[in-house]
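Heavy-atom basis, side chains included; hydrogens, waters and symmetry copies ignored. Protein chains get the first letters and strands the later ones, always in sequence-line order, with residue 1 at the start of each.
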Protein chains: 2
Amino acid sequence: MTRTGRPRSAETDLAILEATRAALVELGWGKLTMGDVAARAGVAKTTLYRRWANKNELVLDAVAALFDELQLPDRGSLLADVEGVVMEFAELLERPETKTALMAVIAESTHDEALRVRIREAIVDRQKRLVVLGRQRAQARGELPPDVPPDGGPDSPLAEQAAARNADLIFDVIAGAVVHRILVSGERVDFAWARMFSALLVGGLPAAMAVAAR
Amino acid sequence: MTRTGRPRSAETDLAILEATRAALVELGWGKLTMGDVAARAGVAKTTLYRRWANKNELVLDAVAALFDELQLPDRGSLLADVEGVVMEFAELLERPETKTALMAVIAESTHDEALRVRIREAIVDRQKRLVVLGRQRAQARGELPPDVPPDGGPDSPLAEQAAARNADLIFDVIAGAVVHRILVSGERVDFAWARMFSALLVGGLPAAMAVAAR
DNA sequence: GCTCTTTCGCTACGGGTCGTAGCGTAACTG
DNA sequence: CAGTTACGCTACGACCCGTAGCGAAAGAGC
């Protein structure tokens, strides 16, 4: 099943994705056109359509590449890990190309099932892994209780289910808060905010208010 | 400065906004066209352009009207109030017209300052008021500490500043988590999730895990 | 009543984008 | 070298945008 004929240029792929990000920065999602991207990449418009079916998928791939950078170094404590991942995620979201593209693609995905699946694989699942990892570390450190259901051992299916629900919740809270702060409220995520948020996540509202009052 | 001449029809306004919502449900943001909306509303396309400068502002107004419904009845405790507002907000976001439109408009607002201002006034500030109200109630009940800075009385400017920062944080966490859960993760917000989230917000991660394990 | 003013429906238009088709050429495989 | 695929280029119909110009409709003010 080895492909014959002229192979696709990998450089062209990269040039197109790079051009797409540049166009996002300058024009935003709404005014970005396929012809413009092609011109920036020094490529024929037809070449774009041979690789991506439409604007949505092209932009998704262009932005998804940036999410590869996300990491979760062990910072020693749950609080520090949360602060770290918040700052990292915020840096990614504060770039103009991600800002405008991410929301637009998600909006389109409400009417495009294939796009929804691609978003999940390329972005959501990748982030969620970090949450699961950080949560495991905290449990190993004894900062969070293990997943124990009322009946049955720690490895019962009920425990796994509760753990999954809980990881999903944490993920939505962290990613959601950062996204909302940056994109909807339009405010920066600085270290002071990250500290306050992390205190809220770990210790609840009273803890957050104590940090806010300094 | 009383206007003379034929006045604009208020019914036409409502018909257009209603038609816009219907088009959003069927077509989504990307495929919605001004001509289509005009046809649905039984109105000439030029009439749309006499009232809204572009698609963004029209859709924003069509969706913003739905946010008027948001209320915060006193449910007796902080936990119950949070659960209530989460469920209410989720109901709003799970409608197909809000789902597709809200994210798209926010995406556009990253390159349109006027739109950003309108979003803030029509949607964000309206929601934030609920947060401030719920927070005050909880403080009156003694469920949350008052806003006291390390030095100075409870009415000092420092205390107000801390309170504002804190309210902004709470707002981003609540709204962000619900939006992310529904739009990005693509999962429903049922009462079980609302309970778990509220426990997290009020009591922190350990409390949430206790609820998850039931 | 009557006149003035603004709205509204309709048609038409230039400008732009979309996504595709067709062709000749370039690049790589066996 | 022959076969196969990628690529650039041009052209195209279809669609949408936002505007202009017209005549008719609907109130406001006298």
Rounded to the nearest Å, what distance is computed from the [atom1] atom of residue [X] to the [atom2] atom of nucleotide [N]?
| X | N | atom1 | atom2 | answer |
| --- | --- | --- | --- | --- |
| A:L27 | C:dT17 | CG | P | 10 Å |
| A:L48 | C:dC18 | CG | C1' | 13 Å |
| B:R8 | D:dA28 | CZ | P | 15 Å |

Verdict with supporting geometry, B:D74 and B:R137, salt bridge (charged side-chain N to carboxylate O under 4.0 Å, His left out): CA-CA 8 Å; B:D74 193 328; B:R137 279 190 199 151; 3.7 Å; yes
Interatomic spacing from CD1 in A:I182 to CD in A:E91 - rounded to 0.5 Å: 10.0 Å
Interatomic distance, A:F89 atom CZ to A:I174 atom CD1 [nearest 0.5 angstrom]: 10.0 Å
Between the side chains of [Y] and [X], is the shortest nitrogen-to-carboxylate-oxygen separation below 4.0 Å, so that they form an ion pair?
| X | Y | value |
| --- | --- | --- |
| B:R40 | B:E26 | yes |
| B:R8 | B:D13 | no |
| A:E18 | A:R21 | yes |
| A:D147 | A:R135 | yes |

Look for any protein N or O under 3.5 Å of an N or O in nucleotides 25-27 of chain D and output each such pair with its distance, or none.
from: D:dA25; atom 1: N3; to: B:R6; atom 2: NH1; distance (Å): 3.0
from: D:dA26; atom 1: O4'; to: B:R6; atom 2: NE; distance (Å): 3.4

Footprint string (nucleotides 8-19 of chain D, 5' to 3'): B base within contact, S backbone only, - free, heavy atoms under 4.0 Å: BB------SBBB
B:K99 to B:W29 six-membered ring, cation-pi geometry met (6.0 Å, 45°): no
